[in-house]
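Basis for what follows: all heavy atoms, side chains included, without hydrogens, waters or symmetry-related copies.
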Amino acid sequence: MHVAVDLNSYLQFVLTAIAVVVTLLYLVKSTASKYFVVDDDSNFESSASPTAGFGDRRMDPATPEGCAVCSNVTKKQCSRCKMVKYCSEACQRSHWNSGHKFKCKDLQLSGKGSSLQGRKSSAVSLTHASGTSKILDHSKKVLFPYEEFLELFNWDSPGFPPCGLLNCGNSCFANVVLQCLTYTKPLVAYLLEKGHLRECRRNGWCFLCEFQHHVEWASRSQQPFSPINILSRLPNIGGNLGYGKQEDAHEFMRFAIDMMQSVCLDEFGGEKAVPPNTQETTLIQHIFGGHLQSQVMCTECSNVSNQFENMMDLTVEIHGDAESLEECLDQFTAREWLDGDNLYKCDG
């Protein structure tokens with residue numbers, strides 16, 4: 001009788017354990033279904049087709065058709081993320097040092113995620129945090145048409161007289177940058193003529209929205225006013241900036257421009273959703289951005305090597321008796337001989 005009781009208890013324990021495991025599996029499956037969408041009709045055939053799906057690497061919108069640095073046609077790609085192409089080791093090294101090393105892992109993860117979607121169109125719907133979306137047509141790869149930028153650049157409005165800003169306590173570094181941005185014609189023309197407020201996709205505080213209020217107030221005010229609404233949000237603009245502290249004007253300018261660029265990319269799903277080359281077609285990139293070309297010529301075989309690096313600003317040094325920005329730029333772009341420790345190894 002004692003053995004039978006132990007056997008019944010054991011069977012009861014096993015059945016209870018099985019019931020608990022089945023229940024847990026059901027809960028995990030139901031919870032995962034809220035966050036992951038699995039297409040039962042998806043197939044991954046290797047046969048060629050005239051219309052490649054979205055998951056096909058050849059048509060992946062995150063993969064540039066040419067080199068990410070100089071746009072030359074190439075088949076070589078980053079061995080880690082497989083999402084960015086390069087034509088030479090020099091271009092890969094330049095792009096890696098300019099920021100790709102921080103984005104490579106994210107691109108690798110986004111590439112794996114996109115291969116599961118199996119869509120049949122080159123137009124990708126990008127969803128914002130607010131729930132609305134825009135269609136980014138990767139066949140065009142232009143976020144803000146350059147022709148529209150030229151119209152803003154040639155804005156023929158008489159503008160408005162300068163308006164002072166009050167010092168709110170060690171805020172001169174920010175005031176001088178805000179004044180420069182307030183009188184950057186294409187940026188002001190965009191904010192006053194088209195406006196960013198009605199197109200903003202951010203749920204929280206937005207620097208570009210606040211700066212539009214700032215520009216509108218400066219265009220109407222006859223007296224100096226306080227930019228406290230921006231100064232009180234310095235940590236939101238740059239992580240190490242703080243209200244009431246002495247900060248560097250150039251550092252604040254870089255943070256402000258980067259923040260405006262980030263806001264523009266948010267309209268199309270954010271930085272991770274937009275290919276690197278396409279990120280260079282925003283309004284902010286048209287205004288402040290450019291390419292820095294570094295050219296090396298071999299004195300033995302005359303082989304020429306060009307490297308291009310995207311930039312949002314350019315720091316030039318003041319040597320000797322330079323009296324103008326043009327002279328500083330001439331010194332910056334002057335030819336120099338590479339010898340000694342700087343000796344260049346030619347690919348040819």
Side-chain angles (χ1 to χ4, degrees), residues 152-153 155 157-200 202-266 282-290 311-319 321-329 332:
L152 298 175
F153 185 83
W155 191 42
S157 173
F160 47 88
C163 179
L165 298 178
L166 299 176
N167 193 318
C168 302
N170 293 327
S171 65
C172 52
F173 74 94
N175 285 5
V176 67
V177 173
L178 292 175
Q179 290 286 51
C180 289
L181 294 177
T182 303
Y183 294 93
T184 300
K185 185 164 65 172
L187 179 60
V188 175
Y190 169 76
L191 294 176
L192 294 182
E193 294 291 338
K194 295 187 175 181
H196 166 75
L197 282 168
R198 57 179 173 268
E199 295 185 357
C200 185
R202 293 203 166 190
N203 292 326
W205 185 81
C206 172
F207 173 75
L208 200 51
C209 289
E210 195 62 56
F211 184 66
Q212 179 175 332
H213 289 307
H214 178 90
V215 172
E216 291 172 348
W217 186 268
S219 66
R220 298 189 302 262
S221 179
Q222 301 292 327
Q223 300 294 330
F225 65 95
S226 168
I228 190 63
N229 290 340
I230 293 179
L231 297 177
S232 61
R233 294 282 190 162
L234 287 177
N236 297 85
I237 302 172
N240 59 339
L241 298 178
Y243 175 60
K245 299 190 302 182
Q246 293 183 359
E247 303 287 0
D248 181 70
H250 176 251
E251 185 178 17
F252 173 71
M253 182 196 73
R254 285 299 307 272
F255 279 131
I257 293 176
D258 289 345
M259 179 61 69
M260 289 189 289
Q261 171 75 349
S262 177
V263 171
C264 291
L265 294 177
D266 282 349
T282 65
L283 172 63
I284 301 302
Q285 180 75 31
H286 288 327
I287 297 175
F288 300 101
M311 63 177 183
M312 280 292 194
D313 72 337
L314 185 64
T315 302
V316 295
E317 297 181 2
I318 302 176
H319 298 285
D321 56 352
E323 298 181 353
S324 66
L325 176 61
E326 287 75 10
E327 289 188 32
C328 294
L329 289 172
F332 181 83

When every non-hydrogen atom of Cys168 is compared with those of Tyr243, the smallest separation belongs to O-OH, 3.3 Å
The reported gap from SG in Cys172 to CD in Glu247 (rounded to nearest 0.5 angstrom) is 11.0 Å
Is atom CD1 of Ile318 surrounded by more than 12 heavy atoms (other residues, nucleotides or ligands) closer than 6.0 Å?
no
Worksheet entry | Test item: Phe160 and Leu192 side chains (from C-beta on) under 4.5 Å apart, heavy atoms | yes
Look only at the side chain of Ser324 and the backbone of Glu327, and say whether a donor-acceptor pair between them is shorter than 3.5 Å. yes
Give every donor-acceptor pair under 3.5 Å between a side-chain atom in residues 223-238 and any protein atom, sequence neighbours left out.
from   : atom 1 : to     : atom 2 : distance (Å)
Ser226 : OG     : Ile228 : N      : 3.3
Ser232 : OG     : Ile228 : O      : 2.9

Nearest heavy-atom approach of Leu152 to Lys185 is O-CG, 4.1 Å
Heavy-atom nearest pair, Glu251 first then Asn240, reads OE2-ND2, 2.9 Å
One should read off an interatomic distance between Cys328 SG and Glu323 CD, to the nearest 0.5 angstrom, of 10.5 Å
Here the pair of heavy atoms bringing Gly244 nearest to Asn170 is O-ND2, 2.9 Å
With a 4.5 Å limit on heavy-atom distance, are the side chains of Tyr190 and Val215 in contact? no
Closer than 3.5 angstrom, by distance alone: can the side chain of Ser221 be matched with the main-chain N or O of Ala218 as a donor-acceptor pair? no
ask   = Hey, are the side chains of Leu191 and His214 touching, using non-hydrogen atoms and a 4.5 Å cut-off?
value = no
Please list every donor-acceptor pair under 3.5 Å in which a side-chain atom of residues 175-182 meets a protein atom from a residue at least two apart or in another chain.
from   : atom 1 : to     : atom 2 : distance (Å)
Asn175 : ND2    : Leu166 : O      : 3.1
Gln179 : NE2    : Cys163 : O      : 3.0
Thr182 : OG1    : Leu178 : O      : 2.5

Closest heavy-atom pair, Cys206 versus His196, reported as atoms and distance to 0.1 Å, is SG-NE2, 3.6 Å
*Is the CH2 atom of Trp217 crowded by more than 12 outside heavy atoms at less than 6.0 Å?*
no
Output for pair (Gln285 CD, Met311 CE), nearest 0.5 Å, gives 9.5 Å
Do Phe207 and Met260 have side chains that approach each other closer than 4.5 Å (heavy atoms only, starting at C-beta)?
yes
dist Leu187:CG -> Phe153:CZ (nearest 0.5 Å) comes out at 13.0 Å
**Study point:** Working for side-chain contact (heavy atoms from CB on, under 4.5 Å), residues Ile287 and Ile257
**Key:** CA-CA 10 Å; Ile287 297 175; Ile257 293 176; over 6 Å; no
Rounded to the nearest 0.5 Å, the CD atom of Gln212 sits from the NZ atom of Lys194 at a distance of 13.0 Å
Margin query: Side chains of Gln261 and Phe288, heavy atoms from C-beta outward: is any pair under 4.5 Å?
Written below: no
Margin query: Taking the side chain as everything from C-beta on, heavy atoms only, tell me whether Arg202 gets closer than 4.5 Å to Leu208.
Written below: no
